[in-house]
Amino acid sequence: MVENKANDPALRSWVEVPAGSDFPIQNLPFGIFRTESQLPHVCCAIGDKLIDLKALHVMGYLENLPFTLDDMVSDSLNRCMRHGKMAMRELRNRVSKLLRSDMPDLRDKEHHVRQVLFNQNEVQMLLPIKVGDYTDFYSSEDHARNVGIMFRDPAKALLPNWKHIPVGYHGRASSIVISGTPLHRPCGQINASDETLPTYSPTKQLDFELEVAFVTFDGKPLGQRISTAEADDYIFGLMLFNDWSARDIQRWEYVPLGPFLGKNFGSTLSPWVVTLDALEPFRTSGKAQEPAVLPYLEFEGDKHIDIALEVSIQPAEGPATVVSQSNFKHMYWNMNQQLAHHTVNGCNMRCGDLLASGTISGPAEGSYGSMLEIAWKGTKPVTMNDGSTRTFIQDHDTVILTGHAQKDGVRIGFGSCSGTILPALS
Ligand code: MN
């Protein structure tokens, strides 16, 4: 067992960290960056800069850790993650130590510092993980209830299984893109009612879904389960995730096998993997689960995490408008329960699998995680700061998700997850 030494609120870095930065020394999220002249490397964020772990490795600063140089010259974190949770904890501890203001080893070697630090705004961030299998849950009670009220019976808004099963489906891993990647408005079949015939057109109800996703280490082989008590050992870290959705396409296609083309045209992932280790101080209890869950879904301790989340829409011209402020702690089912449920039948879990929360809505208006709910199926248009209105996302709109946990003067942020919608291809 390796002690997690990187979270101490008293730590300070010799690298300047601007006030309000998402990336103080207590965070040190992992990512993959490239410059014009170099192959992709593993890095950690610190303030407005990042530190190149390949360069650190070459200079000998990562000695006595299990990582090879090849692990650090990679277009994903998967090679590093294969070494497991304790190795990644040791690696974050080492980077923390090298960046501490009271540790001169790297600090005082100016020629090394010049080679390992990069300005974040001068490099390209890549998708941090090679996503294996992607699963999307539906674990926010407020979201599930809102959708149930809109599309089914308000008196029976939650389906009978909802409080017994962390409902989920298998999504498409290969259409997950890094923040900043534009997506075209998807086309497909749309039919407003079962009594009419479908038409083919660009979606008229393009939506975002505010989600948090987690990435797994190698799990157990096919046939074995991961318990709620073991789940933390298999979770590397968390990212912001916009699971774009075409509501009109989704509505016509989803019975009986679930979401398909209304979802798989693209999902946007933020570039920094914030480790579960860095988020431990922000654990909190979730809402009590009633009725009681089956024994394999029971868990001990605080397994929710207090992460403030925000969504804004930036039109092509004019100012952005905040359309939602929610929190990851509103989830009904926690990640441990999701992982235990996912593997209870013996389903395997591999390094780089991505498990997303489902749309995160809070209990109050203003905290809903999709335009479907915010504008209530188009009946309550949102007035933007430029005077225009939205019921769904328009062409050239950019949707920006941000999130951070904050406590004891420490802010652990996620950076941003943004994507612009381009007109449909003809
Ligand atoms: Mn989703």
Side-chain angles (χ1 to χ4, degrees), residues 131-148 150-151 158-159 161-162 165-179 181 183 185-186 188 203 205-216 238-255 257-270 307 309-311 323-324 326-328 330-335 337-339 341-342 353-362 367-375 377 392-393 399-401 403 414 417-419 421:
V131 180
D133 286 304
Y134 156 48
T135 300
D136 197 24
F137 284 94
Y138 191 57
S139 289
S140 155
E141 180 178 355
D142 294 295
H143 172 69
R145 177 170 287 112
N146 286 339
V147 172
M150 275 186 267
F151 292 105
L158 293 183
L159 288 167
N161 62 2
W162 201 88
I165 290 175
V167 170
Y169 75 100
H170 286 301
R172 189 161 189 87
S174 58
S175 58
I176 294 173
V177 298
I178 182 67
S179 175
T181 308
L183 292 168
R185 177 176 297 271
T203 175
Q205 298 186 342
L206 185 59
D207 204 352
F208 62 82
E209 289 189 336
L210 168 62
E211 303 198 20
V212 169
F214 68 91
V215 59
T216 59
L238 281 64
M239 289 148 283
L240 302 173
F241 189 66
N242 180 353
D243 188 25
W244 299 96
S245 298
R247 300 300 180 192
D248 39 11
I249 296 172
Q250 183 184 351
R251 183 173 315 120
W252 172 234
E253 74 177 359
Y254 88 105
V255 179
L257 287 187
F260 188 33
L261 304 185
K263 298 278 189 180
N264 68 5
F265 59 92
S267 304
T268 306
L269 195 62
S270 58
I307 303 171
L309 302 167
E310 191 170 281
V311 185
V323 295
S324 177
S326 187
N327 195 301
F328 189 46
H330 293 315
M331 303 303 295
Y332 187 84
W333 299 103
N334 60 53
M335 295 181 287
Q337 292 178 307
Q338 290 170 337
L339 207 43
H341 181 67
H342 204 314
D353 286 352
L354 193 73
L355 282 70
S357 58
T359 307
I360 304 165
S361 291
S367 66
Y368 297 163
S370 65
M371 287 305 289
L372 179 69
E373 297 162 88
I374 294 166
K377 227 166 95 178
F392 288 98
I393 301 304
V399 175
I400 304 158
L401 316 185
F414 284 75
C417 175
S418 82
I421 293 301

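We count ligands from 1, going down the list as the structure has it; atoms in each ligand are counted the same way. If you read the sequence from its start, that first residue is 1, and numbering goes on from there.
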* **CZ/Arg251: more than 12 non-hydrogen atoms of other groups inside 6.0 Å** =>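 Yes, the 6.0 Å shell around CZ holds more than 12 heavy atoms from other groups.
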* Asked: So does Tyr169 have more than 12 non-hydrogen atoms from other groups sitting under 6.0 Å from OH?
  -> yes
* Quick one: pull up CG in Asp353 and CG in Asp133 and give me the separation to the nearest 0.5 Å. => 5.0 Å
* **Plane angle bin for Trp162 and Tyr332 - parallel if under 30°, tilted between 30 and 60°, otherwise perpendicular** => tilted
* Under the 6.0 Å and 45° cation-pi test, does Lys377 pair with Phe151? -> yes
* Sphere of radius 2.8 Å around the Mn ion (ligand 1) - protein N, O or S atoms inside ->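 You should have found Asp136 OD2, Glu209 OE1, Glu211 OE2, Asp243 OD2.
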* Lys/Arg-Asp/Glu bridge criterion (N-O < 4.0 Å) met for Arg145, Glu373 -> no
